[in-house]
Chemist: 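The structure that follows is given in the form of structure tokens.
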Amino acid sequence: MKITEARLIVCSPDRNFVTLKLCTDEGIYGLGDATLNGRELAVASYLSEHVLPCLIGRDPFAIEDIWQTLYRGAYWRRGPVTMTAIAAVDVALWDIKGKALNTPVYNLLGGRSRQGVLVYAHANGKDIEEAVDSVRRHMEAGYLAVRAQCGVPGVAGSYGVPKGGKPYEPAERGLPGEGVWSTERYLNFVPSLFEKLRVDLGPEVHLLHDVHHRLTPIEAARLGKALEPYRLFWMEDPCPAELQESFELIRRHTTTPLATGEVFNSVWDAHELIRRQWIDYLRMSIVHGGGITHAKKTADFAALYHVRTGFHGATDLSPVTMAAALHFGLAIHNFGIQEHMPHTRLTDEVFPHEYSFAEGYMHPGDAAGLGVDIDEKLAAKCPYQRAYLPVARKLDGTLTDW
Ligand code: KDG
Ligand code: MG
């Protein structure tokens, strides 16, 4: 089999997606997601100018060799643009191989390790009452794990809280919006949200919370300690993680489990975090972390240190990535949890898929390959629109981590 065509589909069915379609001389094609939120065309250009011409004529079964060629052969290594581009090619190749062998991708990764993939939903509210209500509604819809975010009094546009009752979607068309941030107000407030959640909703539901990189290590340590009575499933991205040893300080002070890595793009962003057991869950996703090939190696390394996966799964990761993550989560032993933020109906129509949700778990379906497709005609009716993630400023106007 040979790759005969490599095509990019850039579309915006309610939000932007970059999708790679690799076609072969045997009529089988594979899909890969190449979406990097707010930087979509950088990846598209990296792929079309530097990667796709090198794929024509290659054997799509040679996944490892193609991965190494794109990683080592570029000389310049890693970074979100490069690793997202490599991931798109890699995932499309796994899709092709599954279809060619007439088996779901999870069978190529070792086969099923479980019946379904535990997922967590996003709940939020402008105040505690609304947030508790939102968690309750997700529990009623069958979710066993729910991330709770809440407006912080005196902090306009708090992270994770939608405007005007719409589903939360951080990227906005036009130029970057600005939110406000106050660590002091946040730290004083958040424990009361989780206290109320436990009082009203009981001990069973898994509760998660995303700090979104906004604290220093000692502030995060204080928050982790304050949240211990409410037994969180995890506290996510307590501080920026470029300095991996920041987590040593947090870890020293709290037993609240820690998750990080949605902005990571290779095992090298996390190897100290894993090797020193400073985190419990790794969030680096298949789309931004070099694809299934690199995620498998990273997860196997993490398994040695009791670190489990908890992949990023916000709406900026397309249904192609969701499908790949579900095959992966069904197969590997050290799977922990998968984020599930449902796409809009239009996005689901552009990407028809086999995966499904029931009673807290998702399943990738048993179709050959990934079980996800793209309706190119519909995609063509939804042209790309420039969009940005917002930025955040402290009360005195200093730019801070969003
Ligand atoms: O593109 C950025 C979003 O995906 C991110 O802000 C969402 O933090 C996020 C999460 O945990 O889903
Ligand atoms: Mg996050």
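Note that ligands are numbered from 1 as they come in the structure, with each ligand's atoms numbered from 1 the same way.
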Chemist: Should the pair K297-D300 be classified as a salt bridge under the 4.0 Å nitrogen-to-oxygen rule?
Modeler: no
Chemist: For ligand 1, which atoms have a heavy atom of W402 less than 4.0 angstrom away?
Modeler: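 In order of number, 6 (O).
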Chemist: Test of understanding: given a 4.0 Å heavy-atom threshold, classify the contact between H212 and ligand 1 as side chain, backbone, both, or neither.
Modeler: side chain
Chemist: Strictly below 4.0 Å, N to O, side chains only: are D95 and K21 in salt-bridge contact?
Modeler: no
Chemist: With carbon and hydrogen excluded and only N/O/S kept, which atom of E236 is nearest the Mg ion (ligand 2)?
Modeler: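 This residue's closest N, O or S atom turns out to be OE2.
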Chemist: Using a strict 4.0 Å cut-off to heavy atoms of D210, name the atoms of ligand 1 that fall inside it.
Modeler: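 Contacts of ligand 1 toward D210, numbered from 1: 8 (O), 9 (C), 10 (C), 11 (O).
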Chemist: Starting from atom 12 (O) of ligand 1, what is the nearest protein heavy atom, named by residue and atom, and what distance separates them?
Modeler: E339 OE2, 2.4 Å
Chemist: Does NZ or CZ of K99 come closer than 6.0 Å to the centre of the six-membered ring of Y29, within 45° of the ring's axis?
Modeler: yes
Chemist: Examine ligand 1 and decide if any of its atoms is less than 4.0 Å from a heavy atom belonging to M341.
Modeler: no
Chemist: Flag this pair as yes if the NZ/CZ of R386 is under 6.0 angstrom from the six-membered ring centre of Y388 and inside a 45 degree cone about the axis; otherwise no.
Modeler: no
Chemist: With respect to the Mg ion (ligand 2), what is the nearest N, O or S atom of D210?
Modeler: OD2
Chemist: I'd like to check which ligand 1 atoms, numbered from 1 as shown, lie under 4.0 Å from a non-hydrogen atom of R147.
Modeler: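 It comes down to these atoms of ligand 1: 10 (C), 11 (O), 12 (O).
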Chemist: Can you list the ligand 1 atoms lying under 4.0 Å from a non-hydrogen atom of D316?
Modeler: 1 (O), 2 (C), 3 (C), 4 (O)
Chemist: Please state whether the separation between the Mg ion (ligand 2) and some N/O/S atom of E262 is under 2.8 Å?
Modeler: yes
Chemist: Within a reach of under 6.0 Å around NE2 of H50, are more than 12 heavy atoms found that belong to other residues, nucleotides or ligands?
Modeler: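 Yes, because the 6.0 Å sphere around NE2 of H50 holds more than 12 heavy atoms from other groups.
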Chemist: Side chains of Q149 and S158: do they bring a donor and an acceptor to under 3.5 Å?
Modeler: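 Result is no, nothing qualifies.
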Chemist: Checking contacts here: is it the side chain or the backbone of Y159 that comes within 4.0 Å of ligand 1, counting heavy atoms only? Could be both or neither.
Modeler: side chain
Chemist: Going by the closest heavy atom to atom 8 (O) of ligand 1, which one wins out of E169, H122, E262?
Modeler: E262
Chemist: Do S266 and R77 have side-chain atoms, one donor and one acceptor, less than 3.5 Å apart?
Modeler: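 Side-chain D/A pair, S266 to R77: absent.
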Chemist: Does E339 pair with R283 as a salt bridge, N-O distance under 4.0 Å?
Modeler: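 Yes.
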